[in-house]
Amino acid sequence: MAYDSFHILQSTAVPLPIENVDTDQIIPARFLKATERKGFGDNLFRDWRYNQDDTPKTDFVLNNATYSGKILIGGHNFGSGSSREHAAWAIYDYGFRCVVSSFFADIFRNNCLNIGVLPVQVSPSFLATLFHAIETDPSAELLVDLPQQTVTLKATGQSEPFEINSYKKENLLNGYDDIDYLNNIKPEIVNFAAQTPL
Amino acid sequence: MKKTLFDKVWDSHVVRRIDQGPDVLFIDRHMIHEVTSPVAFLGLKNRNLSVLYPERTFATADHNTPTLNQHLPVADPLSRNQLKALEENATAHGISYWGLGHQKNGIVHVVGPEYGITQPGATIVCGDSHTSTHGAFGAIAFGIGTSEVEMVLATQCIMQPKPKKMRITINGKLNHGVTPKDVALYIISKLTTSGATGYFVEYAGEVFQQLSMEGRMTVCNLSIEMGARGGMIAPDEKTFTYIKGREFTPKGADWDKAMKYWSTLHTDEGAAFDKEITFDGSDIDPMITFGTNPGMGMSITKAIPKAELMEGGAATYKKSLDYMGYSEGETMLGKPIDYVFIGSCTNGRIEDFRAFAQVVKGHKKNENVTAWLVPGSHKVLNAIKEEGLLEIFEAADFKLREPGCSACLAMNDDKIPAGKYAVSTSNRNFEGRQGPGARTLLASPLVAAAAAITGKITDPRTLI
């Protein structure tokens, strides 16, 4: 079951050229009190997006109507810090399906892959190219092609390959998740557990 | 073949290797808390799955609990609801549950070792990035997301590619006033918050051998702050002495059998690491952070570095200093502070409160400082009382609160107000981490204590 499958995504992008964006910024801890996976997009980047009186901060990119799209582009070391999957949920719930950066924190990258958000790691120079292109023309579109494992700036055709292991790629293409896989090999796991004392 | 400690533990837990994909890794022990587990239980329900091995999962409430009046109903309805969900889920699935008010309750990474759930050679996961703490015992321990919590509940396995291996060796002796927290902040300041991403770290060398188990936990706890999935230290006599006789550790013949295995848990001479880093213990001073990530730390005596000397973008660096209200080139010593927080899974153990007491004994808390002293567990709380530390704290005008994660992530009412400076023994100084607009300075319990009695950033070596 799990999540939407991912094949090819063509979309404009929202640029966030800040480094070390941590998961406390993506979704602050005080919004982690829910017991269901609902509504996290409303609080995505809460403290960068809203003043303390809940009025929007006009200089933050999500409050700038010029930028929109299903792709979020972040600076180096995106998603560091806490393991909260809520950060990936918030990104998904807001409407993003892909995050592009020159470097991702481990747990965040895993969490994205587990819910069907594609983390695309590009070189620092290509990241700079993307930021520049979108700044110049916010309507510039990116083409993220999972089967080909490439990300392309439509206007110029500039393109870069990205890595993903073939197991995860297959999962995303089909919308499978790890629990589906693990459930299918349960007898093997039970056998292993029998030899592994508590 | 020569193997590292990490290889030995990881390889012995691989149920299946997937070509060009992750390993299916068996998890010995799983800890859960109220914040990252409810959606996992919901997932089980939606898929009509049960918990495969409830005896391998342990539940405690910690992230979202009050640290005052725990005997009263939790005031915030959302927090109350989340705590109730944990209790109901644990009870329904036959998982041991140490909720609010339970004598074994406390921060998940403090109670795990206290009760011997944490053992050498085990694989341990929890929906919390500071699960790396348990690596102090020679376990492979790391944080996971909620989807993975669901996997472990349903199948006792997760799917992860094997990380690369890094060894950080520190030889020599630590200087007076330098604590395990300073060692960790020093490493992170050198590696940056992404320097160990993709790696699992083994800490080796005289400095780590000489640390107590509590000290080793502090260091391993902060592994995630350099980007590493986890960190571990080979078990030794100190490890075995610490865990022997605890509730969940093996007894009698089982202990002897376990010891035989545990004594093999070290990196073989000549085993290869993907990366080796070496530091000298005598180069480390008491540390403090000045920015908005744990890599932005330095010796307490130094000046805030200039932007051009920092790796990465100057814009991000300046944004960070702006948030903190600091400027390049300023010295930290003497800067006024408003709050002091001692606690968390990083520094909420008895040794940390002993260190705090060592400094504040015979002094008074500065009247401009609000101090929150939050033990990591009831066991720590009881030890504080039994060892006479509480009397020292009270004589110095400090009050003790009840156990929990508290102001480390400020999910409960323990929030540092906007714009205020807090010297905190916790693990993250991210923007707003301790409350919207709060400014966090990460430091050791000694530095926190020195700040609490002077009202400003003070080198603790002048007081001890």
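In what follows, every chain begins at residue 1, and chains take the letters A, B, ... in the order their sequences are listed.
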Worksheet item: Are the charged groups of Arg30(A) and Asp76(B) less than 4.0 angstrom apart, N to O?
Response: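 Salt bridge: no.
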Worksheet item: Looking at Asp47(A) and Arg433(B), does any basic side-chain N land under 4.0 Å from a carboxylate oxygen?
Response: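 Salt bridge absent between Asp47(A) and Arg433(B).
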Worksheet item: Taking atom CD of Gln148(A) as the centre, does the number of heavy atoms from other residues, nucleotides or ligands within less than 6.0 Å exceed 12?
Response: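 No.
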Practice prompt. For atom NZ of Lys84(B), decide whether the heavy atoms of other residues, nucleotides or ligands shown that lie under 6.0 angstrom number more than 12.
Written response: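 Count not over threshold, so no.
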With the side chain counted from C-beta on, respond yes when [X] and [Y] share a heavy-atom pair under 4.5 Å apart, and no when they do not.
X         : Y         : result
Met159(B) : Asn171(A) : no
Ser129(B) : Ile107(A) : yes
Val24(B)  : Phe192(A) : no
Thr35(A)  : Phe41(B)  : no
Asp106(A) : Phe142(B) : no
Thr36(B)  : His86(A)  : yes
Arg47(B)  : Asp180(A) : yes
Arg428(B) : Asp22(A)  : no

Determine whether a donor-acceptor pair (N or O, by modelled atom type, separation under 3.5 Å) exists between the side chain of [X] and the backbone of [Y].
X        : Y         : result
Ser83(A) : Gly143(B) : no
Gln25(A) : Glu431(B) : yes
Lys33(A) : Asn81(B)  : no
Gln82(B) : Ala34(A)  : yes

Worksheet item: Given a strict heavy-atom distance threshold of 4.5 Å, which part of Glu36(A) is in contact with chain B: side chain, backbone, both, or neither?
Response: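 The answer is both parts of Glu36(A).
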Practice prompt. Can you tell which part of Asp178(A) gets under 4.5 Å to a heavy atom of chain B, answering side chain, backbone, both or neither?
Written response: both
Against chain B, work out which of [options] has the most heavy-atom pairs shorter than 4.5 Å and name it.
options                         : answer
Thr23(A), Ile18(A), Asn165(A)   : Asn165(A)
Arg46(A), Arg109(A), Lys186(A)  : Lys186(A)
Gly81(A), Gly75(A), Ser80(A)    : Gly81(A)
Asn77(A), Val190(A), Asn20(A)   : Asn77(A)
Glu85(A), His76(A), Arg84(A)    : Glu85(A)
Leu182(A), Asn111(A), Asn191(A) : Leu182(A)

Side chain, backbone, both or neither of [X] within contact of chain A (heavy atoms, under 4.5 Å):
X         : answer
Ser320(B) : neither
Ile18(B)  : side chain
Val14(B)  : backbone
Gln160(B) : side chain
Asp28(B)  : both
Phe248(B) : neither
Ala85(B)  : side chain

Discussion item. To check you understand the geometry: which heavy-atom pair defines the closest contact between Ser166(A) and Gln20(B), and what is its length?
Written reply: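 The pair with the smallest heavy-atom distance is OG-CB, 3.0 Å.
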Worksheet item: If you take all heavy atoms of Phe103(A) and Ser194(B), which pair is closest and at what distance?
Response: CE2-CB, 3.7 Å
Item to complete: Under 4.5 Å, counting heavy-atom pairs only, tell me which of Gly21(B), Gly43(B), Gly145(B) racks up the most with chain A.
Response: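 When all of Gly21(B), Gly43(B), Gly145(B) are compared, Gly145(B) has the most.
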Discussion item. Which one wins on heavy-atom pair count under 4.5 Å against chain A: Ile224(B), Leu49(B), Val149(B), Asn293(B)?
Written reply: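 Ranked by contacts with chain A, first place is Leu49(B).
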Fill in: Check against side-chain contact (heavy atoms from CB on, under 4.5 Å), Arg16(B) and Tyr181(A)
CA-CA 12 Å; Arg16(B) 177 190 277 204; Tyr181(A) 184 96; 2.9 Å; yes
